Every structure is written in structure tokens, then in C-alpha cells.
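Accompanying notes for the structure given below.
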Amino acid sequence: MSDQANSQSSSLQNSSTRRRVLIVGGVAGGASCAARLRRLDESVEIIMFDRGPYVSFANCGLPYYVGNVISDERKLLVASREMFRDRFNIEVHTDTEVTGVDRSARTITVRDGRTGNSRVERYDALVLSPGAAPIRPPLPGVDLPGVFAVRSIPDSRRIRSRIADRDAKTAVVVGGGFIGLEMVENLIHRELSVAILEKLPQVMPPLDPELAVPLKEHLAAKGVQLHLGDGLALIEEHSGGLMVVAESGARLPADLVILAIGVRPETALAKDAGLQIGPRGGIVVDAQMRTSDPHIWAVGDVVEVQDVLTGQETVLPLAGPANRQGRVAAESIAGRATHFRGVQATAVVGVLGLTVASTGASEKGLRRAGFTSFQRVSFTRVITPAITPAHKRFI
Ligand SMILES: Cc1cc2nc3c(=O)[nH]c(=O)nc-3n(C[C@H](O)[C@H](O)[C@H](O)COP(=O)(O)OP(=O)(O)OC[C@H]3O[C@@H](n4cnc5c(N)ncnc54)[C@H](O)[C@@H]3O)c2cc1C
């Protein structure tokens, strides 16, 4: 018998008769689901897998770790593997990727990243919370050293090393959404000179254009170079650093480049397993976060949810909904009829002393959703001093 077959059969033989809940992804949605489920049911076996080295870390703090506002990496860790084991009796496997789901056998295949060995684990209920991956456009130079996306603690560590090793002075942030702007703030905090390259003619794309104007003026007043309405064409090596070339032909030198042009739900596992995927590219779930398979739930950035204002399906990659959905899935698995009510996209972000907040639909969002007749009651208000990362919450 091969090593793989051996480990597969022993895993199946060892599986107990207790109800077994497996969770893929151990950060916002996955960890919330695991902790809530344990509070509801002491007898169920809960096992969480994450392909990364950590579970339950504060993704929201990553830009502030780059900016040295959070200087101790340990402060990003909300809960450890040991804490899950000792306090919640939840087994956590880090550096372990789930590579396949066999729905008819109700098993998953997992690969241990340290040994390379794969094994099969059976489930009674499976929860998918694999999140969303930063988009890397297929353009020349996006994989060059010095070009980063920010998703994990190791990503932030690499950016910090680049700044320190190169004594970096300049950065280009591609994308002027909330992660891009948080990176701008933190790179400025590290005393870099920063340029934003944004394809749309405004920063913070979810806002209506006129509401983004005070933010644009504020960024310019703080010395941020704004290249709006201009997309990324390519990145090349240049004099020991990098050169970002825009679609307009503008050339922006940089010691490092941050790609923050959005995220895409990580649906590969779900697609391979034949789960239903919706028109916005997320996994389709019902109000109890159950997928098209009655034994599989999905939560967080990977799912489509209902916008409570338009009634339409949307994807909303924010931590608040992910945490809530994780708890709703746990309640559903435990037999409670809790429902996720949908989202209204409430967000708050501090940018260099200015606080930008929004909730509900923008005018352009409503038009995109097909609404043509409505009354505008939107307003802008500048609140100072800026909220600190500790106060910042996306709901
Ligand atoms: C830099 C940054 C800043 C942010 N700031 C904010 C903020 O201020 N406020 C806010 O509300 N939201 C913020 N967000 C978004 C928020 O972090 C996400 O919405 C939330 O973490 C989504 O939770 P999730 O469980 O769906 O996915 P994640 O938290 O991304 O967790 C998914 C985990 O699954 C693992 N995984 C994926 N596939 C597999 C597999 N096949 N096998 C095993 N493991 C797998 C991944 O490694 C990852 O650790 C930020 C995100 C980033 C990247």
C-alpha cells in the first residue's frame, strides 16, 4: 500500500462516531464558526484547516503592521492553535491545504504543506471559508520582486523587509479602494513618497464621485501623487528598483509596488465539487449559509449575499459579515433556524486624518442595480480627528 493510501485508510479508520464538522479556512468566517459551534454543542468534533501558518489573525491590522503602527507581529494574532485546542477543544491544522471535496463520499482531501503527504478526512458537515484572493492582473512585471499584494502576515512581513532592506523611499499603490488607501496611509507613515494609480476617475470606488472629491483633495494636500483615470500597463525593473508604466504612458518610479485592485472569491474547491456558483462569482448560499449541497455551508468573502436595499445578490469582502455568517452557519449546523439578513455595505476608513464612512447604496450602485427613480439624500461629512485602527470597524 502506498504512503498516501495508508494515511488515507488510517484516517478513515480512526474517524470516530462523533458528529464531525470540518472547516476550511481558519480566519474570520472559519474561526467564528468554530468557536460558536463549540459554544452550542460540546460533543461535536470540530477540525479546522488552514493552508497558511496562522489562524484567527487580524487581516484588518496588516496595513498598520506595515506602517509600524502595530509594531509587534504577535498583536495581529487573535487566537492561536493552542488556544483553540485548550479552551475550545477544536483541532487546528495549519500549513494544511484542502485540495478536494468528494461530496458523495462526504470526504475531503488535505495536503500537509510540511511533508507533502495527503490524507482523506470524513465529514458530516463541511464549512467552506477560504476567503478571497487579491487580483493579480496578467500584465508584464506583476510577479517581479518588490511587487506585493497584502493578504497575510507573511505578505506584510515581506513588505516590511523590502522597505528596510532597500531603505525604500518611493511606492506606487495600484488601486484606490480601502485597502489601497490604508496602505497609502501606512507607507506615508513610514516616510515613503507615495503615488496612487487608479483606473477609475476617483478614489474609493464605492462612493459616488462627488463624495470622493474631499478625499481626493485631502490626499493631494498630504502629498500623495494621484494618477486617476489611468490603469496599470506593466511594471519593469529600472535602476535597481521598479518602474510602473501606466496605460497613458506615464512612468512612475518605485522602490516597491502594492497591488490593491480588488479580490476574487476563492471558489476553486467549490467549483471542482460542483457547488452552485452565482453570477457575481461567489458560492450561492441560502439564508442559513447552506450551499447547494445540504451537507456543505459556506461563509465570508467566498459567498454571494443579498444586498438588503436592492434585493440583489452581491459580494462584500468585509470582516463583519464574514464573522456573522460564520456564527449563522454554526447555528444552522447545530439545528437552530438563525438567518443571515443580508448586507448594507457599511464601511468606515481613516485616511491620513480624514474619516470616510458610507452605508447603504450609492447613486451609481442603485443605477447599476436598475433603479432609475429615487431621491438623493446622501451627504458628506468630514470627521476629525481620524479614528485610530483600534476604533476602526467595518460592519
Ligand atoms: C489588508 C486587508 C485589510 C482589511 N481590512 C479590513 C477592515 O478594516 N475591515 C473589514 O471589515 N475587513 C477588512 N478586510 C477584509 C476582511 O479581512 C475579510 O473580509 C475577512 O477576513 C474574510 O473572512 P474569510 O473567513 O472569508 O476569509 P479570510 O479571512 O481571508 O480567511 C480565509 C483563510 O482560508 C485559507 N484557505 C483558503 N483556501 C484554503 C484551502 N483550500 N485549504 C486551507 N485553507 C485555505 C486562507 O489561507 C485564509 O487564511 C481586510 C482585508 C485585507 C486583506
Side-chain angles (χ1 to χ4, degrees), residues 22-34 47-67 76 78 92-101 108-113 121 126-135 148-156 159 173 175 177-183 185-186 258-260 262-273 282-283 289 298-303 305 315-327 329 343 345-351 387-395:
L22 305 186
I23 301 177
V24 184
V27 191
S32 301
C33 180
I47 308 177
M48 197 156 67
F49 301 91
D50 203 293
R51 68 177 169 217
Y54 305 104
V55 286
S56 198
F57 63 88
N59 329 44
C60 311
L62 297 177
Y64 302 90
Y65 179 48
V66 171
L76 296 169
V78 181
V92 172
H93 297 267
T94 49
D95 295 300
T96 306
E97 179 164 17
V98 177
T99 54
V101 179
I108 61 171
T109 304
V110 305
R111 187 177 52 227
D112 184 326
E121 299 276 359
L126 176 66
V127 181
L128 302 178
S129 188
I135 295 171
F148 304 95
V150 201
R151 183 179 186 189
S152 63
I153 293 177
D155 290 338
S156 317
I159 299 171
V173 175
F178 84 85
I179 292 182
L181 293 180
E182 288 183 346
M183 288 307 297
E185 165 165 317
N186 282 286
I258 306 292
L259 294 177
V263 296
R264 191 172 285 134
E266 285 220 30
T267 48
L269 268 182
K271 276 185 186 156
D272 289 350
I283 300 175
M289 310 313 298
V299 300
D301 290 358
V302 78
V303 300
V305 285
V315 283
L316 186 73
L318 290 177
N323 289 323
R324 173 79 190 131
Q325 291 158 15
R327 291 194 292 271
V343 294
T346 303
V348 186
V349 62
V351 188
I387 48 172
T388 65
H391 297 128
K392 182 168 62 69
R393 287 286 180 274
F394 282 68
I395 299 161

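For ligands, and for the atoms within them, numbers begin at 1 and follow the listed sequence. Keep in mind that this is a model prediction, so the values were computed, not measured. Every heavy atom of this structure was used, including side-chain atoms; hydrogens, water molecules and symmetry mates were not. When a residue number appears, it is its place in the shown sequence, counting from 1.
Scanning Gly180, Cys60, Pro321, Gly25 for the heavy atom closest to atom 13 (C) of ligand 1 points to Cys60. Considering each of Asp50, Leu316, Ile258, the one bringing a non-hydrogen atom nearest atom 35 (C) of ligand 1 is Asp50. With Val150, Asn59, Val66 as candidates, the residue nearest to atom 53 (C) of ligand 1 on a non-hydrogen basis is Val150.
When non-hydrogen atoms are compared, ligand 1 lies under 4.0 Å from the side chain of Ala322 (C-beta onward) but not from its backbone. Heavy atoms from both the backbone and the side chain of Val98 come within less than 4.0 Å of ligand 1.
Of all atoms in ligand 1, numbered sequentially from 1 with element shown, those under 4.0 Å from a heavy atom of Gly300 are 26 (O). Of all the atoms in ligand 1, the ones that sit under 4.0 Å from a non-hydrogen atom of Ala28 are 20 (C), 21 (O), 23 (O), 25 (O), 29 (O).
Taking each heavy atom of Tyr54 and Pro154 in turn, the nearest pair found is CE1-CD, 4.4 Å. Closest approach of Arg327 and Ser32 over heavy atoms only: CG-O, 4.2 Å.
Annotation: Gly26 places no N or O atom under 3.5 Å from an N or O atom of ligand 1; distance criterion only. Backbone and side-chain nitrogen or oxygen atoms of Tyr54 are examined, and none is located within less than 3.5 angstrom of a nitrogen or oxygen of ligand 1. Taking distance alone, with nitrogen or oxygen atoms compared against 3.5 Å, Ala319 approaches ligand 1 more closely than that limit. Considering both main-chain and side-chain atoms, Gly29 comes within under 3.5 Å of ligand 1 through a nitrogen or oxygen pair.
A 4.5 Å side-chain heavy-atom check between Phe178 and Leu318 finds at least one atom pair inside the cut-off. Within the 4.5 Å cutoff, the side chain of Phe49 has heavy atoms near those of the Ile108 side chain. Side-chain contact between Val150 and Ser156 is present, with at least one heavy-atom pair separated by less than 4.5 Å. Between Val55 and Thr94, some side-chain heavy-atom pair lies under the 4.5 Å cut-off.
Look at Thr96 and you'll find a heavy atom under 4.0 Å from some atom of ligand 1. Using a non-hydrogen distance threshold of 4.0 Å, Val302 does not register as a contact of ligand 1.
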Where do Val27 and Ser129 land on the side-chain contact (heavy atoms from CB on, under 4.5 Å) test, with the steps shown first?
CA-CA 8 Å; Val27 191; Ser129 188; over 6 Å; no
Set out, in order, the CA-CA distance, both residues' side-chain angles and the distance that settles side-chain contact (heavy atoms from CB on, under 4.5 Å) for Val101 and Asp272, then state yes or no.
CA-CA 8 Å; Val101 179; Asp272 289 350; over 6 Å; no
Taking it one step at a time, do Asp301 and Val315 satisfy side-chain contact (heavy atoms from CB on, under 4.5 Å)?
CA-CA 7 Å; Asp301 290 358; Val315 283; over 6 Å; no
